[in-house]
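Values in this document were obtained by computation on a predicted structure and should not be read as measured data.
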Amino acid sequence: MDSNETDSKDEQIDGNESVNEAPVPVRRIKKIFTGKIIGLVALATFLVALITFSFVRKDPEVKNIPEPEKKLSAAKEVSAVVDERALVLKPFIVLFENAKDYTYIIVEVSFDVPDKILHSEMIEKQNRLRAIIYDIIINEVKRTKAIPSISELKQQINREINAVLENGKINGVFVTNFIAV
């Protein structure tokens with residue numbers, strides 16, 4: 001065959017095919033497609049194995065979750081804090097009526113409670129105890145028309161609270177905050 005014969009074969013190519021490009025064999029396309037599919041399946045399998053291994057191998061997280069406060073009943077709001085032997089009531093705010101110098105005082109009271117049974121009783125009766133203390137402060141403010149004496153308040157509170165308690169007596173009353181505004 002001479003060069004003229006090969007040229008004539010090249011000229012017999014269809015109009016859709018270009019002269020310089022050789023047709024891609026179907027086998028080669030199938031191999032490329034199959035290779036890509038196998039690669040994607042292998043990658044997906046590897047990712048699933050990696051995620052599964054990370055969940056199985058993962059140590060459980062320990063979080064510092066604060067304990068919920070113990071409540072006596074859902075209906076009552078606890079207005080006292082128990083800390084070993086001390087029972088601290090939330091502050092009292094007492095308004096002065098017709099006073100020129102002060103408009104209100106804030107009084108915070110705590111108790112030295114010797115045992116847990118008395119703690120429980122005082123928390124159970126906390127609304128009644130708060131009412132007694134509030135009445136003592138109000139009466140003292142009305143009686144003196146001035147800021148009441150802390151020592152007198154403590155003595156009256158000690159006497160009145162011990163009269164109400166059934167499971168023991170408190171050892172002391174402490175006025176931990178006393179602010180006149």
Side-chain angles (χ1 to χ4, degrees), residues 42-181:
L43 181 62
T45 306
F46 175 75
L47 288 175
V48 168
L50 183 65
I51 291 170
T52 304
F53 179 74
S54 67
F55 279 122
V56 170
R57 184 86 170 132
K58 186 176 182 181
D59 293 331
E61 291 183 22
V62 178
K63 294 182 179 179
N64 189 9
I65 301 171
E67 289 185 27
E69 292 182 19
K70 295 178 182 176
K71 292 194 176 183
L72 297 175
S73 68
K76 288 185 179 179
E77 177 186 336
V78 178
S79 63
V81 176
V82 178
D83 183 27
E84 292 182 22
R85 285 184 55 142
L87 179 89
V88 181
L89 296 180
K90 287 187 178 179
F92 296 87
I93 300 174
V94 181
L95 299 174
F96 278 99
E97 294 180 14
N98 303 326
K100 295 178 185 177
D101 297 332
Y102 302 101
T103 53
Y104 62 93
I105 60 173
I106 300 173
V107 181
E108 190 172 316
V109 179
S110 63
F111 303 99
D112 181 16
V113 184
D115 59 46
K116 291 183 180 184
I117 296 171
L118 191 57
H119 272 282
S120 302
E121 179 184 1
M122 289 182 76
I123 290 175
E124 189 176 299
K125 295 181 178 180
Q126 70 179 328
N127 291 336
R128 185 173 177 196
L129 299 178
R130 285 187 64 82
I132 290 169
I133 295 169
Y134 189 79
D135 289 342
I136 290 170
I137 297 170
I138 285 283
N139 291 336
E140 193 64 24
V141 166
K142 285 181 181 179
R143 184 180 67 79
T144 62
K145 304 246 187 246
I147 297 174
S149 165
I150 294 177
S151 61
E152 287 180 26
L153 281 177
K154 288 171 37 175
Q155 289 173 359
Q156 287 181 6
I157 291 170
N158 194 8
R159 187 173 44 250
E160 295 288 327
I161 296 296
N162 280 332
V164 173
L165 297 175
E166 298 169 2
N167 293 321
K169 305 268 184 227
I170 56 174
N171 292 336
V173 176
F174 304 100
V175 177
T176 56
N177 199 359
F178 191 89
I179 302 172
V181 180

*Begin with the C-alpha distance, continue with both residues' side-chain angles, and end with the deciding distance and a verdict on side-chain contact (heavy atoms from CB on, under 4.5 Å) for Ile106 and Phe178.*
CA-CA 6 Å; Ile106 300 173; Phe178 191 89; over 6 Å; no
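- For Ser151, the side chain to side chain donor-acceptor pair (under 3.5 Å) partners two or more places apart in sequence, or in a different chain, are Ser149.
- Taken to the nearest 0.5 Å, the CD1 atom of Ile157 stands 11.0 Å off from the CG atom of Asp135.
- Screening Val107, Val175, Val173 for a side chain to side chain contact (heavy atoms under 4.5 Å, CB included) involving Ile150 leaves a single residue, Val175.
- Contact record, Phe92 with Arg130: CE2-O, 3.4 Å, taken as the closest heavy-atom pair.
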*side-chain contact (heavy atoms from CB on, under 4.5 Å) between Phe111 and Leu89, intermediate numbers included*: CA-CA 8 Å; Phe111 303 99; Leu89 296 180; 3.7 Å; yes
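- Between Val164 and Glu121, the closest heavy-atom pair is O-OE2, 4.2 Å.
- With rounding to the nearest 0.5 angstrom, the CD1 atom of Ile136 is 6.5 Å from the CD1 atom of Ile161.
- Closest of all the heavy-atom pairs between Ile170 and Leu165 is CG2-CD1, 3.9 Å.
- Remark: side-chain polar atoms of Asn158 are not paired, donor with acceptor, to backbone N or O of Gly172 under 3.5 angstrom.
- Screening residues 154-181 for salt bridge (Lys or Arg N to Asp or Glu O under 4.0 Å) gives Lys125-Glu166 as the qualifying pairs, with residues at least two apart or on separate chains.
- Distance check, rounded to the nearest 0.5 Å: CD of Gln156 to CD of Glu140 gives 5.0 Å.
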*Determine, step by step, whether Leu153 and Ile133 satisfy the side-chain contact (heavy atoms from CB on, under 4.5 Å) criterion, reporting the C-alpha distance in whole Å, the side-chain angles of both residues, the deciding distance to 0.1 Å, and the verdict.*
CA-CA 9 Å; Leu153 281 177; Ile133 295 169; over 6 Å; no
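- Here Ile117 pairs with Asp115, Asn167 under the side chain to side chain contact (heavy atoms under 4.5 Å, CB included) rule; sequence neighbours left out.
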